[in-house]
Amino acid sequence: MSGRSVEVVLVKAGRTKIRYPAEVVAEEGARLTVRAPWAAEGVRDFGFVRFEPGDVFVEHYWRDRWYAVKEVRSSDGTLKGWYCDITRPASTDGSEVVVEDLDLDLWVSADGSEVLRLDEDEFAASGLAAADPEAAARAVTALDELEHLGREGLVRLLGSTGPRPHDVGVSRG
């Protein structure tokens with residue numbers, strides 16, 4: 001399956017937020033891993049990381065988990081870190097990967113020293129807790145799980161899929 005093209009579609013609040021082409025790197029069980037260049041125009045500076053043209057994302061999606069993990073590398077291959085989206089489980093049909101963003105995010109720096117919970121205010125304001133309490137609870141649980149994995153090392157979750165020059169953040173002792 002390696003090398004086939006798919007389109008990643010990120011949906012938020014019922015609308016397509018962004019869509020972009022990606023190359024399938026691996027597909028194993030419920031997990032699909034794709035590689036794609038930074039898809040937005042220009043630079044996005046979050047303060048703790050900058051996404052910019054030339055960056056490459058190795059994105060891990062699960063059909064049975066409430067998150068996606070995106071390994072972010074600069075154009076020269078330097079690992080910037082992992083951007084984790086809390087999402088409903090991905091749906092795939094062979095040509096598309098559709099993911100619904102639930103507002104919560106997590107950033108794990110390349111060296112594992114920073115694990116940041118993001119956008120909890122947006123999540124609270126989204127109304128998901130009132131509209132779909134079960135989904136909201138699953139989203140919070142997924143964020144907690146990813147935060148724990150981020151502190152212990154995402155390598156445990158990601159295994160050997162995806163290029164990494166070395167395992168970072170494996171043990172926070």
Side-chain angles (χ1 to χ4, degrees), residues 1-44 46 49-110 112 118-119 135 138-139 141-143 145-147 149-150 152-170:
M1 296 230 164
S2 185
R4 103 182 132 88
S5 293
V6 295
E7 187 146 27
V8 176
V9 182
L10 181 62
V11 176
K12 189 169 184 174
R15 295 190 339 227
T16 298
K17 182 177 176 182
I18 191 170
R19 64 174 43 232
Y20 53 91
E23 176 188 349
V24 175
V25 174
E27 188 165 9
E28 188 175 324
R31 182 166 103 187
L32 175 69
T33 302
V34 302
R35 180 181 298 115
W38 168 239
E41 292 190 21
V43 173
R44 180 116 189 246
F46 292 94
V49 66
R50 284 172 48 104
F51 296 160
E52 50 203 335
D55 286 352
V56 176
F57 288 64
V58 176
E59 304 176 356
H60 305 271
Y61 297 99
W62 286 266
R63 296 176 193 91
D64 62 352
R65 297 189 186 183
W66 286 67
Y67 51 77
V69 177
K70 300 171 181 182
E71 178 184 284
V72 185
R73 291 183 178 273
S74 65
S75 59
D76 69 3
T78 302
L79 179 65
K80 291 184 175 187
W82 294 269
Y83 197 91
C84 308
D85 288 319
I86 304 305
T87 66
R88 291 184 190 268
S91 63
T92 59
D93 69 4
S95 64
E96 280 189 341
V97 179
V98 180
V99 183
E100 183 182 348
D101 185 349
L102 298 178
D103 293 310
L104 293 171
D105 299 301
L106 186 81
W107 170 254
V108 180
S109 63
L118 306 170
D119 303 330
R138 292 188 82 159
T141 299
L143 181 62
E145 178 184 345
L146 275 175
E147 180 181 19
L149 289 168
E152 294 299 314
L154 286 171
V155 172
R156 183 175 302 157
L157 171 66
L158 301 177
S160 62
T161 300
R164 277 185 305 281
H166 52 75
D167 293 343
V168 297
V170 172

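Along the sequence shown, residues are numbered consecutively beginning with 1. This structure is a prediction, so every number in the text was calculated from the model and none was measured. Both backbone and side-chain heavy atoms feed into the values below; hydrogens, waters and symmetry mates do not.
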CD-SG distance between Glu71 and Cys84, expressed to the nearest 0.5 angstrom = 11.0 Å
Specify the closest pair of heavy atoms between Trp38 and Glu52, including all atoms of both residues, with the distance to one decimal.
-> CD1-C, 3.3 Å
With Asp55, which residues qualify under side-chain hydrogen bond (donor to acceptor under 3.5 Å, both in side chains), at least two apart?
-> Lys80
Got Val72 and Val49 here, is their nearest side-chain heavy-atom distance under 4.5 Å?
-> no
Which residues share a salt bridge (Lys or Arg N to Asp or Glu O under 4.0 Å) with Arg19, sequence neighbours left out | Glu7, Glu96
Sorted by chain and number, sequence neighbours left out, salt bridge (Lys or Arg N to Asp or Glu O under 4.0 Å) with Glu147 holds for Arg117, Arg151
Gap between atom NZ of Lys12 and atom CG of Leu102 - 0.5 Å precision | 9.5 Å
If you measure from CG on Leu118 to OH on Tyr83, what distance do you get to the nearest 0.5 Å?
-> 5.0 Å
Within-4.5 Å side-chain heavy-atom neighbours: Val43 and Pro53 = yes
Taking atom CG of Leu158 and atom NE2 of His60, what is their separation to the nearest 0.5 Å?
-> 4.5 Å
Roughly how far, to the nearest 0.5 Å, is the CG atom of Leu157 from the CH2 atom of Trp82?
-> 11.0 Å
Any chance you could lay out the side-chain contact (heavy atoms from CB on, under 4.5 Å) test for Trp107 and Asp105, step after step, and finish with the verdict?
-> CA-CA 7 Å; Trp107 170 254; Asp105 299 301; over 6 Å; no
Beyond-backbone contact of Leu106 with Tyr67, side-chain heavy atoms, under 4.5 angstrom = no
Using a 4.5 Å cut-off on heavy atoms from C-beta on, say whether the side chain of Pro89 contacts that of Trp66.
-> yes
Arg138 versus Ile86: any side-chain heavy-atom pair under 4.5 Å?
-> no
Classify the angle between the aromatic ring planes of Phe46 and Phe51 as parallel (below 30°), tilted (30 to 60°) or perpendicular (above 60°).
-> perpendicular
Do Asp93 and Ser95 have side-chain N/O donor and acceptor atoms under 3.5 Å apart?
-> yes
Residue list, salt bridge (Lys or Arg N to Asp or Glu O under 4.0 Å) with Lys70, at least two apart or on another chain | Asp85
Hey, does Thr87 have a side-chain heavy atom less than 4.5 Å from the side chain of Glu100?
-> no
May I ask you to test the Leu32-Arg63 pair for a side-chain heavy-atom distance under 4.5 Å?
-> yes
When you measure from the side chain of Arg4 to the backbone N and O of Gly94, does any donor-acceptor pair fall under 3.5 Å?
-> yes
Shortest non-hydrogen pair, Tyr61 vs Ala90, comes out as CB-CB, 4.0 Å
Shortest non-hydrogen contact between Ala22 and Val8, atoms and distance | CB-CG2, 3.9 Å
Mind checking whether Leu149 and Val108 have side chains closer than 4.5 Å, heavy atoms only?
-> no
What is the distance from atom OG of Ser74 to atom CZ of Arg50, rounded to the nearest 0.5 Å?
-> 12.0 Å
Asp119 meets the salt bridge (Lys or Arg N to Asp or Glu O under 4.0 Å) criterion, sequence neighbours left out, with none
Name all residues meeting the side-chain hydrogen bond (donor to acceptor under 3.5 Å, both in side chains) criterion together with Thr141; count only those two or more places apart in sequence or in a different chain, and write none if there are none.
-> none
Shortest non-hydrogen contact from Ala40 to Ile18?
-> N-CD1, 4.3 Å
